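Note that the structure is predicted; figures quoted are calculated from it, not measured. Every chain is numbered from 1, with letters handed out A, B, ... down the list of sequences.
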2 protein chains.
Amino acid sequence: MPTIHDVAKKAGVAPITVSRVINNSGYVSEKVRNRVNQAVDELGYVPNILARSLKSKRTNTIALVFTDITNPFFNFMARGVEDSASDAGYNVIFCNTDESSDQESKYVKLLLQKQVDGILLVPADTRSNSIQLIQDQKTPLVVIDRCVSNKNVDIVRGDSEGGAYLLTKHLIDLGHRRITLFSGPEAVSTSQDRVKGYKRAMENHGLSKFVDCYYGKFSRQSGIDLTKSIFSKENSPKPTAIFAANNLISVGILAELRNLGIKVPQDVAVCSFDGIPENLTVIPFLTNVAQPAYKMGQKATEILISRIKEKPEPSTDFEEIIFPVELTIRESSGGKIG
Amino acid sequence: MPTIHDVAKKAGVAPITVSRVINNSGYVSEKVRNRVNQAVDELGYVPNILARSLKSKRTNTIALVFTDITNPFFNFMARGVEDSASDAGYNVIFCNTDESSDQESKYVKLLLQKQVDGILLVPADTRSNSIQLIQDQKTPLVVIDRCVSNKNVDIVRGDSEGGAYLLTKHLIDLGHRRITLFSGPEAVSTSQDRVKGYKRAMENHGLSKFVDCYYGKFSRQSGIDLTKSIFSKENSPKPTAIFAANNLISVGILAELRNLGIKVPQDVAVCSFDGIPENLTVIPFLTNVAQPAYKMGQKATEILISRIKEKPEPSTDFEEIIFPVELTIRESSGGKIG
DNA sequence: CTGTTAGCGCTTTCAA
DNA sequence: TTGAAAGCGCTAACAG
């Protein structure tokens with residue numbers, strides 16, 4: 001492949017002149033410019049940005065390290081990230097960790113070696129050591145979706161606690177007492193926060209003794225398993241409402257309840273943190289509080305890129321942006337029959 | 001940030017020796033190795049892979065240029081790509097084109113400049129000029145999901161024609177005559193192939209005069225719009241079955257039919273090319289033929305990486321791998337009440 | 001307006 | 001087993 005030297009030779013100029021033409025920087029006469037452009041076309045020259053990056057220490061590439069692109073919430077978040085990054089001239093490397101800290105740190109190490117300009121991280125663990133790795137390299141970092149013990153990071157997340165409170169209160173207002181929560185992995189802050197919000201709502205309404213919650217996974221299967229186990233217990237009172245800590249869990253719950261012949265919302269009310277993507281729903285049915293996943297991705301990327309730009313003088317005051325959630329009441333909770 | 005020189009100085013060796021330790025290449029005595037490793041740790045040295053890439057001409061990064069990560073089909077395909085790439089030590093840059101050739105070629109140009117080792121492309125257009133750009137750079141390329149006019153490329157795709165035939169025949173076997181097809185964008189090969197399969201099935205069964213198909217978009221909204229327009233036509237016979245050329249279209253159809261008070265499958269049968277992801281379905285309802293999206297992503301990535309590895313001697317015989325589709329009959333077509 | 005020099009951080013010769 | 005020199009392709013900094 002031709003290099004800047006080949007173009008220079010062909011156009012009868014110095015490489016730096018070609019560089020100036022390509023980058024539209026500095027002064028180049030019309031005449032020379034044309035000659036260079038012609039040489040570029042004839043040779044089919046494509047600049048090697050790697051070489052530029054080696055000098056400039058900028059790759060214009062960022063990375064999104066998260067759990068799973070297949071999860072609708074992260075899926076839309078990822079799209080927000082890519083759109084925002086692309087607008088600003090950055091490419092995005094996607095990395096799926098499946099909630100594994102090992103995977104996460106493997107990815108992070110490689111990304112740092114690749115000199116990505118910044119990293120968006122959904123940490124698998126509250127005390128993710130990846131954060132330290134990234135900060136040691138002075139690589140800009142924005143944590144998305146979750147809290148971490150290290151407070152010296154920018155964070156963009158949804159209001160898990162508040163959302164869980166809202167949803168639980170909605171069920172309580174409908175007259176439910178025995179409300180069971182199926183949460184996600186115990187090590188994940190969103191799981192914990194949703195439990196907190198749920199408990200707070202129960203306690204505030206004198207329902208402490210009905211608190212009943214379980215950690216599991218953020219998956220459909222987890223919803224199925226937990227539902228099975230709850231409804232197969234002999235001699236124990238059954239919940240009249242179930243609160244799923246994410247959308248995949250709620251799908252599992254609904255599927256398994258149907259399987260067991262238990263009617264929603266007549267026999268059990270169901271509601272969920274985060275809903276089913278609109279472009280995949282025929283009949284909106286699920287009462288839920290939803291986080292603006294796409295916007296969260298956008299916002300996090302904007303912050304990251306601004307950090308990248310101010311890099312020589314890194315700021316020391318970090319932002320924690322908490323997006324409000326939105327409650328949508330539908331048939332599944334029996335709150336409104338639509 | 002420390003460089004290989006800093007480490008070398010600290011360990012009292014030459015940079016090349018450090019390089020050998022890091023890459024586990026060549027001979028280094030235990031003693032020196034330990035000294036180097038210690039220096040690496042103390043300095044928190046992270047190798048700059050960019051510099052390596054500049055010499056080796058390998059970035060270990062590939063790109064996936066496709067329409068939209070938000071579409072479930074591509075979503076799962078993307079996961080297959082990332083898993084496969086990651087296993088082989090590659091990172092993946094994701095680019096969403098939204099079916100725009102302009103976007104596509106912008107991305108491709110940038111990616112080539114970034115020296116990605118290979119590109120996976122879902123071309124927005126049958127005669128994508130991006131393909132030429134990529135091949136001019138001798139960058140390995142695998143086209144996914146779609147056919148292109150240029151035959152000198154590796155292609156991994158599903159059997160759109162065969163699948164459409166199968167689904168149409170299923171409807172015909174159930175006794176339908178007035179079967180309408182809502183397809184995707186006319187410029188996209190999968191839209192065309194699904195139309196072809198549909199027409200072939202209709203013609204083979206003496207139903208040429210009932211052929212009735214429309215191009216639109218691969219979106220939920222397109223399904224809604226087409227349904228509205230079909231059912232609002234005065235004095236024209238209504239279809240007894242609708243075939244959606246993808247899952248998003250089918251969701252729009254089902255939503256709009258419900259809106260219009262038209263019952264599925266009693267009043268109209270509905271079926272679809274590609275289904276709704278299992279982890280998001282409560283009640284499996286939609287009769288569909290599905291492509292193995294995840295596996296297609298994996299396979300395409302494997303081929304791409306093998307091309308990358310054989311790069312100095314590029315092969316000249318190209319593969320076209322056509323994945324078979326799987327028909328699942330469910331309630332929406334009335335073929336089986338489940 | 002254009003060119004020379006030097007160097008980004010690493011690794012492939014080739015030599016010791 | 002270790003190192004010196006040269007260069008990957010590009011671009012600041014400084015001359016002219």
Student: Look at the side chain of B/Ser306 and the backbone N and O of B/Ile303, then say whether any donor-acceptor pair between them is shorter than 3.5 Å.
Tutor: yes

Student: Any heavy-atom pair between the side chains of A/Lys10 and A/Leu43 that's under 4.5 Å?
Tutor: yes

Student: Out of B/Asp117, B/Asp154, B/Asp317, which one pairs with B/Arg307 under the salt bridge (charged side-chain N to carboxylate O under 4.0 Å, His left out) rule?
Tutor: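 Exactly one candidate clears the test, B/Asp154.
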
Student: Given C/dT2, is OP1 or OP2 found less than 4.0 Å from the side-chain N or O atoms of A/Ser29?
Tutor: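 Answer is yes, contact under 4.0 Å.
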
Student: Rounded to whole angstrom units, what separation is found between the CZ atom of B/Arg33 and the C1' atom of D/dT2?
Tutor: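 Taking atom C1' of D/dT2 as the reference, CZ of B/Arg33 is at 13 Å.
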
Student: Using only atom types and a distance under 3.5 Å, with no angle test, would you say the side chain of A/Gln135 pairs donor to acceptor with the backbone of A/Asn152?
Tutor: yes

Student: Specify the closest pair of heavy atoms between A/Leu54 and B/Leu50, including all atoms of both residues, with the distance to one decimal.
Tutor: N-CD2, 4.2 Å

Student: Counting only N and O atoms by type, is there a donor-acceptor contact under 3.5 Å from the side chain of B/Arg35 to the main-chain atoms of B/Ala11?
Tutor: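 Confirmed, B/Arg35 side chain pairs with B/Ala11 backbone.
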
Student: Grab the two heavy atoms, one from A/Ile69 and one from A/Ala78, that are nearest each other, plus how far apart they are.
Tutor: CD1-CB, 3.6 Å

Student: For the helix from C/dC1-D/dG16 to C/dA16-D/dT1, what angle lies between the axis at the first five pairs and the axis at the last five pairs, to 10 degrees?
Tutor: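 Comparing the first five pairs with the last five, the axes sit 30° apart.
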
Student: Can you give one letter per nucleotide of nucleotides 9-16 of chain D, 5' to 3': B if a protein heavy atom sits under 4.0 Å from the base, S if only from the sugar-phosphate, - if neither?
Tutor: BBBB----

Student: Does NZ belonging to B/Lys114 count more than 12 external heavy atoms closer than 6.0 Å?
Tutor: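 It does: B/Lys114 NZ has more than 12 such atoms within range.
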
Student: Does a salt bridge link B/Asp83 with B/Arg79, judged by any charged N lying under 4.0 Å from a carboxylate O?
Tutor: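 Looking at B/Arg79 together with B/Asp83, the answer is yes, because their closest N to O distance falls below 4.0 Å.
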
Student: Strictly below 4.0 Å, heavy-atom distances to any atom of DNA chain C: list the hits from residues 34-43 of chain A, or just say none.
Tutor: none

Student: Between A/Thr17 and C/dG3, is there a side-chain N or O to OP1/OP2 distance below 4.0 Å?
Tutor: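 Answer yes for this pair, as a side-chain N or O of A/Thr17 is under 4.0 Å from OP1 or OP2.
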
Student: On a heavy-atom basis, which atom in B/Glu104 and which in B/Ser130 lie closest, and how many Å separate them?
Tutor: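 That would be OE2-OG, 2.7 Å.
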
Student: Can you measure B/Tyr27 atom OH to C/dA15 atom P for me and round it to whole angstrom units?
Tutor: 19 Å

